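Atoms within a ligand are numbered from 1 in the order they appear, just like the ligands themselves. Since this is a predicted model, take the numbers as computed values, not measurements.
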Amino acid sequence: MADGRVVAAQELLIDGRRVPPLSGRYYQTLNPATERAIATVAEAGVDDVDAAVRSARVAFEGEWSQIRAAERGHLLLKLAELIRRDQDEIVELESLDTGKPVSSIRRQDLPAVLDTLAYYAGLADKINGQVIPTRADALTYTVREPLGVVAAIVPWNFPLMIGMWKIVPALACGCTVVLKPAEITPLSALKIGELAIEAGFPAGVLNVLPGFGRVAGQALVDHPDIDKVTFTGSPSVGRQILKGAAGNLKRVTLELGGKSANIIFPDADLDAAVKAAAAGIFFNSGQVCSAGSRILVHDAVHDEVVERLAARAESIRLGDPRDSATGMGPLVSKVQMNSVLGYIDIGVKEGASIVTGGGRVGDTGYFVAPTVFAGVQHDMRISQEEIFGPVAAVLRFKDEDDALRMANGTAFSLAAGIWSADIRRVHRFIRRLKAGTVWVNTFGPTDVRLPWGGSRDSGFGREHGDMAIENFTEPKAVWINTGR
Ligand code: NAD
């Protein structure tokens with residue numbers, strides 16, 4: 001596969017086979033670094049969704065339900081082995097679709113995916129119930145049963161990793177899955193679907209449907225035979241999903257957006273803080289739900305931090321995602337680039353000042369310069385709304401209360417970071433920050449063992465770790481009359 005050449009048509013994956021779409025429709029995906037076509041992809045329509053859900057239901061009631069829990073774990077390990085075998089191709093597909101630097105996918109996404117598989121392969125046969133004593137004439141206990149057919153709807157910013165965060169625990173718990181990747185980044189999901197078939201997952205256990213949100217995504221959300229929707233994406237689509245799920249009262253987990261604050265006090269290790277603050281907003285071109293997009297800096301070190309942050313931004317090498325020296329790739333699409341450039345204009349009009357960056361780089365590919373705004377006021381739109389691009393808003397604060405008011409003062413509650421050497425202050429902030437994750441003297445690490453998610457406009461529910469058991473199983477109480 002070479003960049004610029006349209007690769008073979010990518011069909012839907014339903015019932016263990018590649019099938020052309022009943023919709024009869026195909027669309028093209030583009031490489032955001034070159035704007036050239038990469039693939040012709042089948043577009044799932046409502047009938048395709050129906051076929052995939054039927055297949056997932058038959059598999060759930062049939063073959064998959066008869067498989068030992070330990071065997072589900074073995075299948076996940078086999079899938080990990082195949083991903084390792086084909087990692088070069090997977091990394092290349094992910095990079096072509098998203099524009100992410102290959103080096104970053106190898107360093108971050110791929111290890112996270114393998115970790116996820118290992119973790120849940122081990123968990124598959126440890127999904128226990130409890131014996132709960134009630135009365136002398138009864139044996140009373142619970143078992144945990146898989147929820148059923150799961151729709152996994154995934155965004156374009158980490159298609160492979162976020163996809164696996166959903167499908168792997170669902171499969172470990174004994175559910176079957178219909179996975180809908182984002183329309184513009186379907187290739188790694190289709191590859192994983194093929195590897196799952198090769199690994200020996202029975203037909204229908206994992207179906208992959210590229211397609212558009214308003215058609216295939218909505219059809220999944222509305223489908224009466226889906227038991228659970230696990231969704232990562234924007235708050236506006238999250239709200240639509242809740243409405244659709246009301247039809248048959250589907251379970252829903254929503255991982256939505258963020259506007260995370262990264263708070264820097266004068267007693268922090270400023271070298272480490274500035275380095276992490278830059279990575280926190282410029283990693284993945286800022287297209288990260290937990291990006292540290294608001295950098296709150298104490299008066300005493302504000303000017304120094306702004307200057308050093310700008311220097312770091314200027315040192316980031318933009319370019320070809322295949323080049324190992326590239327630090328930052330393009331944004332994922334023209335739509336996303338224009339949206340980010342629009343926010344930069346808004347910031348200027350609102351009266352914030354651009355310290356560095358502030359525009360598109362080159363005229364091919366959707367590259368935007370790492371941008372630092374200073375003089376940002378808390379109520380400006382660039383301080384309140386998720387930009388999802390390489391744009392840092394630096395805000396100045398005078399004391400702890402001021403910092404907390406701003407940190408907690410958006411619609412989101414996903415993550416926050418604090419930099420300080422004062423252990424008592426750190427604990428005060430951990431207690432008072434409204435966030436699903438608080439990072440202390442670091443910013444950004446996640447791990448499949450630790451719960452991940454937020455509240456308010458950042459959604460609800462938690463992924464990762466043993467929380468997934470709650471997400472994909474349901475307890476059944478059993479009461480056996482034993483007599484006296
Ligand atoms: P998006 O909401 O536009 O799309 C996400 C997915 O939903 C895509 O697969 C899309 O096709 C589908 N979709 C769109 N409309 C739908 C509908 N009506 N019904 C069902 N599905 C529909 O989001 P995006 O632009 O792909 O991703 C960016 C957003 O994702 C940002 O807001 C970001 O913060 C968020 N995000 C959150 C996390 C997290 O863990 N909290 C992680 C990554 C991204």
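Closest to atom 15 (N) of ligand 1 by heavy atom, among Val229, Asn157, Val237, Asp222, is Val237. In this structure, of Phe231, Trp165, Phe212, the residue bringing a heavy atom nearest to atom 7 (O) of ligand 1 is Phe231.
Scanning both residues, Cys173 and Pro146, for their nearest heavy atoms gives O-CB, 3.2 Å.
For the atom pair CG of Asp109 and CD of Glu94, the computed distance is 6.0 Å after rounding to the nearest 0.5 Å. Once rounded to the nearest 0.5 Å, the distance linking CG of Leu96 with CG of Leu30 reads 11.5 Å. Taking CD of Glu386 as the reference point, atom OG of Ser234 lies at 8.5 Å (rounded to 0.5 Å). With values rounded to the nearest 0.5 angstrom, Asp447 atom CG is found 8.5 Å from His464 atom NE2.
Those atoms of ligand 1 with a heavy atom of Cys289 less than 4.0 angstrom away are 34 (O), 36 (N), 37 (C), 38 (C), 39 (C), 40 (O), 41 (N), 42 (C), 43 (C), 44 (C). Atoms of ligand 1 lying under 4.0 Å from at least one heavy atom of Trp156, given by number and element, are 24 (P), 25 (O), 26 (O). Within ligand 1, counting atoms from 1 as listed, the ones closer than 4.0 Å to a heavy atom of Gln218 are 17 (C), 18 (N), 19 (N), 20 (C). Each of the atoms 10 (C), 11 (O) of ligand 1 lies under 4.0 Å from some heavy atom of Glu183. The Ile162 neighbourhood of ligand 1 comprises atoms 42 (C), 43 (C), with distances under 4.0 Å to a heavy atom of that residue.
Taking the charged nitrogens against the carboxylate oxygens, Glu43 and Arg25 do have a contact shorter than 4.0 Å, which makes a salt bridge. Electrostatic pairing of Asp88 and Arg106 counts as a salt bridge here, judged by a charged N lying under 4.0 Å from a carboxylate O.
Here Gln287 has no heavy atoms under 4.0 Å from ligand 1, in either its backbone or its side chain. Of all the heavy atoms of Glu255, the ones lying under 4.0 Å from any atom of ligand 1 are found in both the backbone and the side chain. If you look at Phe158 next to ligand 1, there are no close heavy atoms at all, none under 4.0 Å. At a heavy-atom cutoff of 4.0 Å, ligand 1 is contacted by the backbone of Leu256 but not by its side chain. With a heavy-atom cut-off of 4.0 Å, Val154 touches ligand 1 through its backbone alone.
At least one heavy atom of Pro181 lies less than 4.0 angstrom from ligand 1.
Atom CZ of Arg432 sits in a sparse spot, with 12 or fewer heavy atoms from other residues, nucleotides or ligands closer than 6.0 Å.
Distance screen at 4.0 Å: atom 2 (O) of ligand 1 has a protein heavy-atom neighbour inside the cut-off.
Checked by distance only, ligand 1 and Ser458 stay at 3.5 Å or farther apart across all their nitrogen or oxygen atoms. Among the atoms of Pro155, none of the N or O lies under 3.5 angstrom from an N or O of ligand 1.
Of the protein's non-hydrogen atoms, the one nearest atom 28 (C) of ligand 1 is Phe388 CE2, 3.5 Å.
The salt bridge (charged side-chain N to carboxylate O under 4.0 Å, His left out) test applied to Lys259 returns no partner, not counting sequence neighbours. By the salt bridge (charged side-chain N to carboxylate O under 4.0 Å, His left out) test, Lys191 pairs with Asp86, Glu89, sequence neighbours left out.
For the side-chain hydrogen bond (donor to acceptor under 3.5 Å, both in side chains) with Thr253, the lone residue among Lys228, Arg462, Glu463 that qualifies is Lys228.
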